[in-house]
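Everything below concerns the one structure shown next.
In what follows, every chain begins at residue 1, and chains take the letters A, B, ... in the order their sequences are listed. Just so it is clear, the structure is predicted and the values come from calculations on it, not from any experiment.
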Amino acid sequence: MRLATFNVNSARRRVPHLRRFLERHSPDVVMLQELKCRTEEFPALEFADLGYRAHAIGQTGGRNGVAVVARVPFEVIGERLPGEAEDAQARWIEVAALGMRIGGLYLPNGNSGGDEGYAYKLRWLARLRALAADRLELGLPLALLGDFNVCPTEADLYPGALPETDALVRPESRAAFRALLWLGLTDALRVLHPQDAPWTYWDYGAAFDTNRGLRIDHALLSAELAERLVAATVDTAARSEEQPSDHAPVMIELRD
DNA sequence: ATGACCCCATACTGGGGA
């Protein structure tokens, strides 16, 4: 079975790209981020003829937004990350599918909004860790897929691509990411490509042609799923198309 | 970092992204 995550940077603009991705790889479940539309504006019917059903969590104002697109049955478990009252930002979706629990997430960037913007990012990471710990305690096979907005190590960005003060590489961001791994989660792309894990994001402009990117979209797997992991890839074809997202899809394959 | 991106919206300029 194949699971994927794709930050589309506008769901409506990226319908052709997502359709081509679905046709190329036939993933069973795809978690989307940065819909940049309201729930009712998500183009769910654009994928129905390919056999996919969708559930979107949009947001007013053209910000954030996450969704699941799947060709297998799924149940939506949650639409907001627990732990913070009145969090209006659409950054989390949890589904039950294929006998596992799948979290789709769009972590706050943390570079805007000053100190409070970065504090919100760190709180979000702590809330994510608490949720993951709970699901693991229940014994649920868990996959966390999404745009984490964290380069876990210096190997996860083109040298000098970001200043040391950037919220994607700051020590507190990386420590919070490691704290997720300490729960027993496996970074799928890194474990299968220990020396040469590919980027998942390239800034618009010359970054893709010169391959100066970042690895910020991740698939973290609980132990039983990591034992079934046979492939983890970045679909760079999606990034090389016309009018692409600045992210490429990350896909993992698990033994049935 | 953003003249040299892109996307959205209380739009013809500004905020957010990473």
Side-chain angles (χ1 to χ4, degrees), chain A residues 5-18 31-43 46 56-67 87-92 104-125 128 145-174 176-177 189 197-219 234 236 238-250:
Chain A
T5 175
F6 189 10
N7 179 323
V8 290
N9 188 15
S10 169
R12 290 172 291 183
R13 292 257 186 177
R14 239 55 76 186
V15 165
H17 307 73
L18 180 53
M31 310 309 282
L32 303 180
Q33 302 88 37
E34 280 211 83
L35 307 182
K36 293 189 171 179
C37 66
R38 297 193 298 272
T39 299
E40 64 272 23
E41 294 173 324
F42 182 80
E46 300 282 352
I57 303 165
Q59 187 178 315
T60 56
R63 301 265 173 83
N64 307 322
V66 291
D87 188 347
Q89 301 192 24
R91 296 181 175 278
W92 172 255
L105 62 108
Y106 176 47
L107 238 140
N109 174 302
N111 281 310
S112 65
D115 290 344
E116 168 51 27
Y118 188 59
Y120 175 64
K121 175 177 192 161
L122 294 181
R123 289 201 305 275
W124 214 96
L125 276 157
L128 178 61
L145 304 174
D147 177 356
F148 285 66
N149 269 320
V150 178
C151 299
T153 73
E154 283 300 287
D156 296 311
L157 74 162
Y158 182 86
L162 297 174
E164 290 181 10
T165 53
D166 193 283
L168 278 63
V169 299
R170 280 170 62 168
E172 302 94 323
S173 304
R174 287 177 166 169
F177 186 86
L189 204 51
W199 314 133
T200 67
Y201 164 93
W202 299 259
D203 195 4
Y204 287 116
F208 185 68
D209 288 337
T210 54
N211 197 25
R212 303 179 182 196
L214 315 174
R215 194 175 74 92
I216 53 177
D217 302 274
H218 305 300
V234 174
T236 51
R239 184 63 180 79
S240 65
E241 292 172 349
E242 293 296 311
Q243 301 180 318
S245 168
D246 40 5
H247 297 249
V250 175

What's the gap between [N] and [M] when it is taken at their [atom1] atoms, as a whole Å value?
N: B:dC6; M: B:dT10; atom1: P; answer: 23 Å
N: B:dA18; M: B:dG14; atom1: P; answer: 22 Å
N: B:dA4; M: B:dT13; atom1: P; answer: 16 Å

In whole angstrom, give the distance that lies between atom [atom1] of [X] and atom [atom2] of [N].
X: A:Q243; N: B:dC8; atom1: CD; atom2: P; result: 11 Å
X: A:E242; N: B:dC6; atom1: CD; atom2: C1'; result: 14 Å
X: A:E41; N: B:dC7; atom1: CD; atom2: P; result: 16 Å
X: A:F42; N: B:dC8; atom1: CZ; atom2: P; result: 14 Å

Please check if the number of heavy atoms outside A:E40 that lie under 6.0 Å from its CD is greater than 12. yes
Could you list the residues that satisfy salt bridge (charged side-chain N to carboxylate O under 4.0 Å, His left out) with [X], not counting sequence neighbours?
X: A:E116; value: A:R123
X: A:E154; value: A:R174
X: A:R91; value: none

Below the 4.0 Å mark, does B:dC8 have OP1 or OP2 next to a side-chain nitrogen or oxygen of A:S10? yes
Sorted by first residue and then second, give each salt bridge (Lys or Arg N to Asp or Glu O under 4.0 Å) pair with at least one member in residues 8-18 of chain A; sequence neighbours left out. A:R12-A:E41
Under 4.0 Å, heavy atoms only, any strand: does A:R38 hit a base, just the sugar-phosphate, or nothing? nothing
State which residues pass side chain to side chain contact (heavy atoms under 4.5 Å, CB included) with A:R63; sequence neighbours excluded, sorted by chain then number. A:Q59
For A:G205 and for A:L35, find the nucleotide of DNA chain B with the closest heavy atom, then tell me which residue's nucleotide is more 5'.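 On the 5' side of the pair lies A:G205.
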If you find the nucleotide of DNA chain B closest to A:A206 and the one closest to A:T60, which residue's nucleotide is nearer the 5' end?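 Its nucleotide being nearer the 5' end, the pick is A:A206.
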When you look at A:L157 and A:L168, which way does the side chain to side chain contact (heavy atoms under 4.5 Å, CB included) test go after all the steps? CA-CA 10 Å; A:L157 74 162; A:L168 278 63; over 6 Å; no
For nucleotides 11-18 of chain B, just jot down a letter per nucleotide in 5' to 3' order: B, S or -, based on protein non-hydrogen atoms under 4.0 Å. -----BSB
